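From a predicted model like this one, the values you see are computed outputs, not experimental measurements. The residues of the chain are indexed from 1 along the displayed sequence.
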Amino acid sequence: MSHQEVMGKGLAAMLAEHPERVVVTGVEDAQVVLYDVFGVNRNQGSDLEPLLRETRATVLAVSRDLRPDLRARALAAGAHGWVSMSVTSAELVDAVAAAAAGEALTEPGDRLGHDVGLTPREVEVLALITQGVSNQDIAERLYLSINSVKSYIRSAYAKIGATSRSRAVAWCLLNGFAPADA
C-alpha cells in the first residue's frame, strides 16, 4: 500500500515476477500487505492503523534505507516486520512468504536505538525531536499528555547520554535518525 504510484506498481511488478510463489491481490483479500513507510511521514501513519485493525493481514513495512526513523515509527505503530526497498524481487518474495507463514520478520537489532535500550515510543519521540517538532506538537501528534512527552524525553536522554536537546539531536543524527530537511 503506497500513496506513490511508482512504489505500488514497482512492488507489484517485482512480486509478479514470481507467480508460482505469490499472488498480488487487493488489500481486503491479502495475507500480507506491503506498507510504504512514507505514510508515517506523510500522514502520521493514519492509514496504517486501519490496516492493522480491520484486516487479518500481516503488515510488512517497506522501508527506505536512508529513513530508518520511518521504519522505526511504522514498527512502533504495529507493523509486524519490515523489508528494505533495496531488496531484489526474490528477496521481496522470500520476505512476503515468511510473513505469510508467520515467521519472525525483524531482528531485535533492527530497531533504531535498540543498542542503548530505547523503547519504540522513545524512538518515535526522538525522531520527532530530530525533525524539529516541539514538545507540544509531539504530544498532539502522538496523542500523549505533555507530561508523558517530557517523561519519554528524560528517559531517552538518560539512555543516550544527552544533556540537552541539541546533544540529543546530534546523537540521533549519528545513529540513523533522519535530519529535519530529509
Separation of L128 CG from D137 CG (nearest 0.5 Å) | 9.5 Å
Could you check S155 against E122 for side-chain hydrogen bond (donor to acceptor under 3.5 Å, both in side chains), going step by step and ending with a plain yes or no?
-> CA-CA 8 Å; S155 175; E122 289 166 342; 2.4 Å; yes
Between E54 and L51, is there a donor-acceptor pair closer than 3.5 Å when you use the side chain of the first and the backbone of the second?
-> no
L173 vs T130 side-chain heavy atoms within contact, under 4.5 Å = yes
Working to the nearest 0.5 Å, report the span between CG of L142 and CZ of R121.
-> 5.0 Å
Give, for atom CG of L48 and atom CG of L52, the distance between the pair rounded to the nearest 0.5 Å.
-> 4.5 Å
Kindly state each residue pair satisfying salt bridge (charged side-chain N to carboxylate O under 4.0 Å, His left out) with at least one member in residues 6-21, sequence neighbours excluded.
-> E5-K9, R21-D94
Would a 4.5 Å heavy-atom cut-off, applied to side chains only, mark L34 and L92 as touching?
-> yes
Backbone N or O of V59 within a donor-acceptor pair of the H80 side chain at under 3.5 Å?
-> yes
Heavy-atom side-chain contact between Y35 and L60 under 4.5 Å = no
Any sub-3.5 Å donor-acceptor pair from D29's side-chain atoms to T25's backbone N or O?
-> no
Are N135 and R165 close enough that some pair of their side-chain heavy atoms sits under 4.5 Å apart?
-> yes
Nearest non-hydrogen partners of A90 and H18, listed with the distance = N-NE2, 3.6 Å
Between the CE atom in M85 and the CZ atom in R71, the distance rounded to the nearest 0.5 Å is 13.0 Å
Can you get from V27 to V37 by hopping between Ile, Leu, Val, Met, Phe, Trp and Tyr side chains that sit under 4.5 Å apart?
-> yes
Linked, directly or transitively: V23 and M14 (ILVMFWY side chains, under 4.5 Å) = no
For K159, does the NZ atom have more than 12 heavy-atom neighbours from other residues, nucleotides or ligands under 6.0 Å away?
-> yes
Roughly how far, to the nearest 0.5 Å, is CD of Q31 from CZ of R56?
-> 11.5 Å
Just checking, any donor-acceptor pair under 3.5 angstrom between side chains of S151 and S148?
-> no
Taking all non-hydrogen atoms of both residues, which atom of W171 and which atom of G113 are closest, and how far apart?
-> CH2-CA, 4.4 Å
If you group Ile, Leu, Val, Met, Phe, Trp and Tyr by side-chain heavy-atom gaps below 4.5 Å, do V24 and V96 land in one group?
-> yes
Non-hydrogen side-chain atoms of W82 and L75 separated by less than 4.5 Å | yes
In short, V32 meets A99 closest at the heavy-atom pair CG2-CB, 3.8 Å
If two hydrophobic side chains count as joined below 4.5 Å and joins carry through other members, does I146 share a cluster with L126?
-> no
State, yes or no, whether a side-chain contact exists between T55 and E28 at a heavy-atom distance under 4.5 Å.
-> no
Roughly how far apart are I153 CD1 and I129 CD1, rounded to 0.5 Å?
-> 4.0 Å
